[in-house]
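First comes the structure, then the notes that go with it.
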Amino acid sequence: MIQKNFIVFEGIDGSGTSTQIELLKKRDEDKKLFFTAEPTEGETGKFLRKILGGKINVAAQTAAYLFAADRAEHLWAKGGIVEQCESGKIVVCDRYIFSSLAYQGATCGEELPKKINSPFPLPEILFFFDIKSEDSLKRIDARGEEKEIYENKKMLDETAVRYKKTIEEFKSQREMKIIELDATLGKDEIAEEIWSEIRKKFLR
């Protein structure tokens, strides 16, 4: 199932998804795009951010369910993704089910994340930011900020592999367009490619 007017940015930590979201906001002069991210700013999302920050410890399976619960609210609550899309907005989301399949797949195995995320619709366009873990880790280190629990070499290595596998599996979903970006390129070059695809599909 495809959700019309829905775009997702995905990639391991440090791949540049958040940077490109900010650049895209500056281009959206007509305010036709609606920007959002996961975990959300809702109560479940705030709890998840505490987990990611290492302030709360939960079982890997519990985290998988929490991410799915946050996503369900993100999609279907009042003012959520589905309502925004149906109102004519083009929704751009930083992270979605593909993050769960990669990250929670690495921590609690593939079966549970696949099962609990299977009811969620796919976006029309998925931008996948492809980068090696060592390159993304350099960017994370350069921030000079406290790292989240997944921002380490071992986890990034594992999730990079799982992202690749996930993207390959979803290539059979012909209604969802997958655009693989070389995340090591300059941010302006990447931004041009993203804007070109969005304008061609949604802003003609």
Side-chain angles (χ1 to χ4, degrees), residues 7-21 36-40 42 44-75 93-123 125-143 145-173 176 178-184:
I7 300 166
V8 169
F9 285 15
E10 286 280 5
I12 61 174
D13 291 279
S15 62
T17 60
S18 299
T19 296
Q20 290 301 323
I21 290 281
T36 188
E38 295 187 354
T40 70
T44 306
K46 290 175 183 177
F47 187 73
L48 281 164
R49 291 188 185 280
K50 290 180 181 179
I51 294 171
L52 292 173
K55 296 178 176 64
I56 298 174
N57 293 318
V58 299
Q61 292 85 349
T62 303
Y65 278 111
L66 286 168
F67 275 106
D70 188 46
R71 185 163 296 126
E73 188 71 0
H74 196 196
L75 279 163
C93 187
D94 190 357
R95 298 194 176 281
Y96 188 55
I97 61 172
F98 313 97
S99 286
S100 284
L101 297 176
Y103 282 90
Q104 275 63 65
T107 56
C108 65
E110 294 181 2
E111 185 177 346
L112 179 62
K114 282 186 176 181
K115 181 179 180 181
I116 61 180
N117 285 283
S118 61
F120 301 134
L122 296 175
I125 297 181
L126 167 62
F127 287 101
F128 173 57
F129 290 63
D130 189 11
I131 192 170
K132 293 179 180 178
S133 58
E134 51 264 35
D135 292 325
S136 69
L137 196 56
K138 287 177 184 176
R139 293 179 178 180
I140 292 168
D141 289 339
R143 294 174 189 163
E145 300 173 357
E146 189 174 344
K147 293 179 183 177
E148 293 186 343
I149 58 173
Y150 296 152
E151 292 178 341
N152 60 77
K153 182 73 163 57
K154 182 179 179 181
M155 188 65 179
L156 290 172
D157 282 343
E158 177 70 15
T159 51
V161 170
R162 287 184 177 274
Y163 258 123
K164 287 275 196 178
K165 181 180 179 184
T166 298
I167 295 303
E168 286 302 315
E169 290 174 352
F170 274 100
K171 283 182 178 178
S172 63
Q173 300 281 347
M176 178 177 70
I178 299 174
I179 299 168
E180 297 181 67
L181 301 166
D182 181 352
T184 64

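Computed from a predicted structure; not experimentally measured. Both backbone and side-chain heavy atoms feed into the values below; hydrogens, waters and symmetry mates do not.
For T36, the side chain to side chain donor-acceptor pair (under 3.5 Å) criterion is met by H74, not counting sequence neighbours. Here E10 pairs with S99, Y163 under the side chain to side chain donor-acceptor pair (under 3.5 Å) rule; sequence neighbours left out. Applying the salt bridge (charged side-chain N to carboxylate O under 4.0 Å, His left out) test to D135 and every residue at least two apart in sequence or in another chain returns nothing. Remark: F170 pairs with I97, F98, L101, L122, T166, Q173, M176, I178 by the side-chain contact (heavy atoms from CB on, under 4.5 Å) rule, at least two apart or across chains. Legend: residues meeting side chain to side chain donor-acceptor pair (under 3.5 Å) with T184, ordered by chain and number and at least two apart, are D182. Qualifying salt bridge (charged side-chain N to carboxylate O under 4.0 Å, His left out) partners for K164, counting only residues two or more places apart in sequence or in other chains: D130. Residues forming a side chain to side chain donor-acceptor pair (under 3.5 Å) with K171 (at least two apart in sequence, or on another chain): E168, E180. Taking the side-chain contact (heavy atoms from CB on, under 4.5 Å) definition, one finds that R139 meets it with I131, sequence neighbours left out. For A142, there are no side-chain contact (heavy atoms from CB on, under 4.5 Å) partners two or more places apart in sequence or in a different chain.
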Anything under 3.5 Å between a donor and an acceptor, one on a side chain of residues 55-66, the other on a protein residue two or more places apart or in another chain? List them.
none

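For T159 against A102, the heavy-atom pair with the smallest separation is CG2-O, 3.7 Å. When every heavy atom of M155 is checked against every heavy atom of Y103, the shortest pair comes out as CE-O, 3.5 Å. The heavy-atom pair separating S133 from I12 by the smallest distance is CA-CD1, 3.9 Å. Nearest heavy-atom pair across T17 and G11 is CG2-N, 4.1 Å. Of all non-hydrogen atoms in I140 and G14, the two that sit nearest each other are CG1-CA, 4.1 Å. In terms of heavy-atom proximity, S100 sits nearest to P113 at O-CB, 3.9 Å.
The side-chain contact (heavy atoms from CB on, under 4.5 Å) with F128 is formed by just one residue from the set L181, I179, I167; it is I167.
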**Request:** Go through E145 and E151 one step at a time and tell me if the side-chain contact (heavy atoms from CB on, under 4.5 Å) criterion holds.
**Result:** CA-CA 11 Å; E145 300 173 357; E151 292 178 341; over 6 Å; no
**Asked** Is there a side-chain contact (heavy atoms from CB on, under 4.5 Å) between I116 and F67 once you walk through the steps?
**Response** CA-CA 10 Å; I116 61 180; F67 275 106; over 6 Å; no
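Annotation: salt bridge (Lys or Arg N to Asp or Glu O under 4.0 Å) contacts involving residues 101-116, sequence neighbours excluded, comprise E110-K114, E110-R162, E110-K165, K114-E169. Sorted by first and then second residue, the salt bridge (Lys or Arg N to Asp or Glu O under 4.0 Å) pairs involving residues 63-74 (not counting sequence neighbours) are E38-R71.
Taking the six-membered ring where tryptophan is involved, the planes of F127 and F9 are perpendicular, since the angle between them exceeds 60° and thus also 30°.
Enclosure of atom CZ in F47 is not indicated, since only 12 or fewer non-hydrogen atoms of other residues, nucleotides or ligands lie within 6.0 angstrom.
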